[in-house]
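Beneath this line is the structure, given in structure tokens, with notes to follow.
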Amino acid sequence: MAPRATEILTQTPQGLYCPQGDFHLDPLRPVARALVTHGHSDHARAGHGAVLATRETLAIMAARYGEDFAGSTQAAALGEPIRLGGVTVRFVPAGHVLGSAQIVIEAGACRLVVSGDYKRVRDPTCRPFEPVPCDVFVTEATFALPVFCHPDPDAEIAKLLHSVRLFPDRAHIVGVYALGKAQRLIALLRRAGYDRPIHLHGALERLTALYKDEGIALGDTPRVLPEERGQLGGAIVLCPPSAAQEIWARRFPDPVTAYASGWMRVRARARQKGAELPLVVSDHADWGELTRTIRETGAEEVWVTHGQEDALVHWCGTQGIRARPLHLLGYGDEAEEGEAAVPAEVA
Ligand SMILES: [Zn+2]
Ligand SMILES: [Zn+2]
């Protein structure tokens, strides 16, 4: 008899588990064999026996945790089928951050897609999401409310550049997550024609260098030296979100505080962060992207991992798609992602 989807993927305290292949997906605690969708710290953790992920995700994990982050590693080439016990897996681009992938699992005639985090808007720093027809689509739901409709990222960049022109003597301090958002913002600024140096807080340096090593053109991104902060009037400075609120940021000339996050759509959050210039730039799908993606996969069943699960499950019901919330704990939304990767000593 063909295995049921709930037998192919089960829920364990460590996260989703495939008994036939004997592996966990984005496990929260150390396991024997982990398949990892992308390098954000809530999905990619150190201490597993073996890790299978894209080459870029492995490089990101090594940059964050050190070369010995796992007992052994194997790089998954995009699209290449890999046999693991009784199932076949395949990594397909997810469009979230560099190296991010959906993981396709096939057992007999049943195909499940675990999408990890994803977005559909083009991002110059990573490969675009590819919809894969499947029986069961496992999706995040970070921004799964109809109110979430992310604006055009280029329009948000134009707001930042407009402010820089308007206040040529003020430093523009932009809070961004260290993996993905920082590099995407730099790439978007370059695409908009901004060719001056973009200054980086030390905590953003390593992953930005990694993106450059992977061939992503980001231009001149010098590190901010503590003593030169007073001279950076008119400059754009990127730092981790926490640093934007700290004393570190106050040493710049009359700083304009900006944050780039999907959460900036929520006014209360922007206010709470003290964001003078909230930029709505998200690496997660908004409501329209989530529902379009579910339709494109043709899945008869949808499992919702984390975020605003109820609204998406309800919407699936109205479309005649079976859906259930997994209530997976331990996966942060964008507001937490990357925070753990900011070493205190570079602040
Ligand atoms: Zn993520
Ligand atoms: Zn996540």
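One-based numbering, in listed order, for ligands and for the atoms of each. This one's a predicted model, so the numbers in the text were calculated from it and none came from an experiment.
Taking backbone and side-chain atoms together, His284 has no N/O/S atom less than 2.8 Å away from the Zn ion (ligand 1).
Of all N, O or S atoms in Asp117, the one lying closest to the Zn ion (ligand 2) is OD2. Closest approach between the Zn ion (ligand 1) and any N/O/S atom of His40 involves ND1.
Centroid-to-centroid, the aromatic rings of Tyr259 and Trp263 stay 6.0 Å apart or farther.
Aromatic ring pairs are classed by plane angle as parallel below 30°, tilted from 30° to 60° and perpendicular above 60°; the pair His284 and Phe143 is perpendicular. Using a 30° and 60° split on the angle between ring planes, His43 and Tyr331 fall in the tilted class, from 30° to 60°.
At the Zn ion (ligand 1), the vertex angle linking NE2 of His96 with NE2 of His38 is 100° (nearest 10 degrees).
When atom types are taken as modelled, the side chain of Thr305 and the backbone of Thr139 share a donor-acceptor pair closer than 3.5 angstrom.
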